[in-house]
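Heads up: the structure comes next, in structure tokens.
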Amino acid sequence: MLRGRSDKGHWFGTVIDAPDPQALGMFYHAVLGWEIHKDEPDEFALAVPGNSETYLAFQSQTSAPWARPVWPATEGEQQMMMHLDIEVGDLDVAVKHAVELGATLAEFQPQDDVRVLLDPAGHPFCLYANG
């Protein structure tokens, strides 16, 4: 464990830059079903149900103008810095529902048992069925 961490809690989360943190947060709220933990003008956070110390947050990008990532990676274009993997029971049903919620199915699909989708802000995420 990292020295210097607090004894009172072990917060762990991922923060995703977005042009509209609330809109993207509500999209993932619908996809994951996680609880809304924070809803402020420049930050929105979801917490794993029953565990508010594990979270997925969305914030406005302030260091540079927003640029949508491209998939697949293209030289000279904004590349994805990370992506989320979400296990599902029925890949076809889950993809259809994610698209209904606002995702876009990526044109390039590198694997037969995984579907790459783009969230409303353009971040790639993957749905996969295990087994």
Side-chain angles (χ1 to χ4, degrees):
M1 180 167 81
L2 182 66
R3 289 190 295 270
R5 288 189 65 188
S6 171
D7 291 334
K8 65 181 178 175
H10 299 287
W11 285 86
F12 176 81
T14 299
V15 180
I16 298 174
D17 289 343
D20 184 341
Q22 282 73 25
L24 192 58
M26 289 303 293
F27 169 78
Y28 279 105
H29 172 62
V31 168
L32 299 170
W34 291 8
E35 299 169 357
I36 296 172
H37 184 70
K38 184 184 283 188
D39 187 356
E40 296 179 4
D42 291 327
E43 185 178 15
F44 188 95
L46 301 172
V48 174
N51 178 357
S52 64
E53 293 177 348
T54 304
Y55 62 91
L56 180 60
F58 308 88
Q59 66 183 15
S60 297
Q61 180 177 345
T62 58
S63 60
W66 173 254
R68 286 178 69 96
V70 297
W71 171 259
T74 304
E75 189 173 333
E77 298 291 330
Q78 176 63 47
Q79 296 183 21
M80 70 171 183
M81 301 301 288
M82 54 151 284
H83 70 275
L84 301 175
D85 286 339
I86 303 168
E87 183 179 359
V88 299
D90 186 317
L91 189 56
D92 293 333
V93 169
V95 168
K96 182 178 178 187
H97 190 216
V99 169
E100 290 170 359
L101 293 171
T104 304
L105 186 63
E107 204 171 298
F108 177 64
Q109 297 292 327
Q111 298 168 278
D112 292 336
D113 58 347
V114 176
R115 292 295 172 273
V116 178
L117 292 104
L118 307 175
D119 70 23
H123 302 102
F125 69 98
C126 297
L127 299 179
Y128 69 96
N130 193 7

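The structure displayed is predicted, hence computed values, not measured ones.
To the nearest 0.5 Å, atom CG of residue Asp90 and atom CG of residue Leu127 are 11.0 Å apart. Taking CZ of Arg115 as the reference point, atom CG of Leu91 lies at 5.0 Å (rounded to 0.5 Å). Separation of atoms OG1 (Thr14) and OH (Tyr55) is listed at 8.0 Å; rounding is to 0.5 Å. Summarising the geometry, atom NE2 belonging to His37 is positioned 12.5 Å from atom CG belonging to Leu56; distances are rounded to the nearest 0.5 Å. The line from CG of Asp17 to CD of Gln59 is 5.5 Å long, rounded to the nearest 0.5 Å.
By the 6.0 Å contact criterion, CD on Glu100 is enclosed, its count of non-hydrogen atoms from other residues, nucleotides or ligands being greater than 12. Around the CG atom of Asp85, the shell of radius 6.0 Å holds more than 12 heavy atoms that belong to other residues, nucleotides or ligands.
No continuous path of hydrophobic side-chain contacts links Phe125 to Val93 [ILVMFWY only; heavy atoms under 4.5 Å].
The two residues Gly89 and Ala129 come nearest to each other via the heavy atoms O-CB, 4.4 Å.
Members clustered with Tyr128: Val114, by chain and number, using a 4.5 Å side-chain heavy-atom cutoff among hydrophobic residues.
Gln109 contributes a side-chain N or O that, together with a main-chain N or O of Val116, makes up a donor-acceptor pair within less than 3.5 Å.
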Under 3.5 Å, side-chain donor or acceptor atoms of residues 24-33 against the rest of the protein: list the pairs with distances, not counting sequence neighbours.
unit_1: Tyr28; atom_1: OH; unit_2: Asp119; atom_2: OD2; d: 2.9
unit_1: His29; atom_1: ND1; unit_2: Trp34; atom_2: O; d: 2.6

Just distance, no hydrogens or angles: give the donor-acceptor pairs under 3.5 Å from side chains in residues 38-46, sequence neighbours left out.
unit_1: Lys38; atom_1: NZ; unit_2: Glu43; atom_2: OE1; d: 3.4
unit_1: Asp42; atom_1: OD1; unit_2: Ser60; atom_2: OG; d: 3.4

